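What follows is a set of notes on a single structure, which appears directly below.
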Amino acid sequence: MLDRFQRSIHDLRISVTDRCNYRCVYCRAGEAPNGHHAAELSWDELARAASNFVALGIRKIRLTGGEPLLRAGLVDFVAQLAAMGVEDLAVTTNGHLLADLAAPLRRAGLRRVTISLDSVHAEKFARITRVAAGFPRVVESIERAQAAGLAPVKINVVLLRGFNDDEVEAFAAFARERGVVVRFIEFMPLEEGRVWSREMVVPYDEIVARIEKIHPLVEVPGAPSETALRFRFRDGAPGEIGIIAPVTRPFCGHCSRVRLTADGKIRTCLFSLREWDLAQLLRQGAEDAAIQAFILRAVLHKEERHHIGEPGFQRPSRTMVHIGG
Ligand code: SAM
């Protein structure tokens with residue numbers, strides 16, 4: 001699929017639920033974990049949607065949420081996607097429930113996993129996630145994912161000024177010691193609590209400079225559509241550093257992504273102000289041809305870029321946990 005800016009759209013992110021068992025301070029307003037949630041597409045509806053995206057050239061699917069591992073049936077869904085011939089299948093998870101699911105997911109056809117971890121200190125981790133005793137579970141999940149052959153294991157770290165920005169060096173050490181890819185993410189204005197300000201963003205340049213001081217880095221060339229700028233350690237240590245810098249180095253010009261929310265809406269950008277109701281079409285019994293025409297129309301309307309930090313920037317009506325990160 002090509003959009004009107006001649007970008008090739010071949011990555012799909014599917015949010016399988018907007019429920020989450022963590023209430024990270026930079027994401028959630030702090031209401032109880034079982035607050036109001038959108039009506040989820042059934043697994044059959046999700047599979048039908050996915051097969052139509054695949055027919056249109058989607059090669060990579062990442063399952064996310066909310067917390068995708070909360071939804072029973074995820075392993076079978078991964079197997080269904082693998083059987084559709086999806087080349088690259090991945091999951092983004094907070095890792096809380098991954099330890100026991102890593103091997104079954106791998107057997108079902110999952111290739112790799114991204115685990116979110118915003119502190120290497122158990123106490124601070126509990127303060128960020130507002131869940132006690134999560135840290136050892138997530139660390140165990142990282143180990144079990146590696147043992148299950150999910151590779152690479154990537155660790156997502158959202159850096160917040162004054163909160164966990166003192167941990168850049170510790171996370172670099174974590175990458176080296178554990179042979180994982182640590183990806184620092186610039187904080188985006190997609191949170192429920194409306195706390196975002198540019199001053200809270202820890203920029204790409206600072207992250208690179210601070211790691212370079214201790215462990216010189218070498219840039220790893222990647223595909224232009226990759227969200228992260230990647231580095232390995234010059235001394236040959238295992239592990240890798242990635243930096244996802246949507247605020248200071250936007251990558252919209254190479255964006256290859258489209259999203260499907262848990263309630264069946266297509267979103268062509270995290271910051272879209274418009275959604276495309278695929279759920280309604282699926283439930284009306286539409287033919288595959290009509291579904292594919294609808295997807296193509298949405299893709300043709302993909303936004304040129306986001307406008308974070310510009311005057312007049314408008315937040316989308318839904319926040320990260322409801323869109324799917
Ligand atoms: N529950 C899963 C998890 O924790 O990875 C998947 C969903 S979560 C929304 C996906 C990723 O988005 C996580 O790594 C999370 O830290 C990140 N994230 C959430 N809010 C964000 C924000 N405002 N800016 C940047 N990244 C954010």
Side-chain angles (χ1 to χ4, degrees), residues 13-30 33 37 61-71 74 90-98 101 105 110 112-119 124-125 128-131 134-135 137-138 141-142 145 150 153-161 163-165 167 171 180-198 200-204 207 227-228 242-251 257 259-262 267 269-271 306 308-309 313 315-316 318-325:
R13 299 199 174 195
I14 302 179
S15 171
V16 299
T17 180
D18 66 352
R19 289 171 291 135
C20 191
N21 46 353
Y22 280 12
R23 286 175 296 128
C24 298
V25 290
Y26 60 85
C27 185
R28 311 287 306 282
H37 297 291
I61 295 184
R62 175 173 294 279
L63 303 178
T64 182
E67 173 46 42
L69 271 51
L70 278 181
R71 186 158 174 193
L74 186 76
V91 165
T92 300
T93 170
N94 60 30
H96 197 79
L97 300 171
L98 181 65
L101 282 169
L105 282 167
L110 192 74
R112 52 205 185 82
V113 70
T114 299
I115 301 172
S116 302
L117 181 78
D118 297 312
S119 176
K124 197 194 284 184
F125 183 82
I128 293 176
T129 57
R130 294 188 268 215
V131 168
F135 185 76
R137 292 183 69 125
V138 177
S141 287
I142 293 169
L150 290 167
V153 171
K154 295 183 184 172
I155 307 297
N156 272 1
V157 186
V158 177
L159 284 176
L160 301 179
R161 181 71 74 205
F163 218 88
N164 61 353
D165 59 327
E167 295 195 39
F171 268 111
V180 293
V181 179
V182 166
R183 305 195 317 166
F184 297 102
I185 306 177
E186 289 179 349
F187 182 38
M188 293 178 278
L190 284 168
E191 75 292 4
E192 289 177 343
R194 303 227 159 198
V195 295
W196 187 91
S197 71
R198 190 138 191 145
M200 291 180 77
V201 177
V202 182
Y204 169 96
I207 301 167
T227 46
I243 303 177
I244 301 176
V247 181
T248 67
R249 295 187 176 214
F251 36 84
R257 276 164 292 282
R259 294 181 141 78
L260 184 64
T261 64
R267 292 183 66 93
C269 173
L270 268 177
F271 296 92
H306 69 65
I308 301 175
F313 167 72
R315 282 173 180 259
R318 294 212 253 187
T319 54
M320 187 69 120
V321 68
H322 297 291
I323 295 171

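All of these numbers come straight from a predicted model, not from anything done at the bench. Atoms within a ligand are numbered from 1 in the order they appear, just like the ligands themselves.
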Could you tell me, for ligand 1, which of its N or O atoms are under 3.5 Å from any protein N or O, listing the pairs and their distances rounded to 0.1 Å?
| from | atom 1 | to | atom 2 | distance (Å) |
| --- | --- | --- | --- | --- |
| ligand 1 | 1 (N) | Gly66 | O | 2.8 |
| ligand 1 | 1 (N) | Glu67 | OE1 | 3.0 |
| ligand 1 | 4 (O) | Ser116 | OG | 3.3 |
| ligand 1 | 5 (O) | Thr93 | O | 3.4 |
| ligand 1 | 5 (O) | Ser116 | OG | 2.6 |
| ligand 1 | 14 (O) | Ser116 | OG | 2.7 |
| ligand 1 | 14 (O) | Asn156 | ND2 | 3.1 |
| ligand 1 | 16 (O) | Tyr26 | OH | 2.6 |
| ligand 1 | 23 (N) | Met188 | O | 2.8 |
| ligand 1 | 24 (N) | Met188 | N | 2.9 |

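With hydrogens and angles ignored, the 3.5 Å screen pairs no side-chain donor or acceptor of Arg267 with any backbone N or O of Arg259.
In this structure, Glu191 pairs ionically with Arg315, as a charged nitrogen and a carboxylate oxygen lie closer than 4.0 Å.
In this structure Phe251 satisfies the ring pair (Phe, Tyr, Trp, His ring centres under 6.0 Å) test with no other residue, sequence neighbours excluded. Scored by the side chain to side chain donor-acceptor pair (under 3.5 Å) test, Thr17 finds Arg19, Glu40 as partners (sequence neighbours excluded). Applying the side chain to side chain donor-acceptor pair (under 3.5 Å) test to Thr92 and every residue at least two apart in sequence or in another chain returns Arg62.
When all heavy atoms of Val201 and Phe187 are compared, the pair lying nearest together is CG2-O, 3.5 Å.
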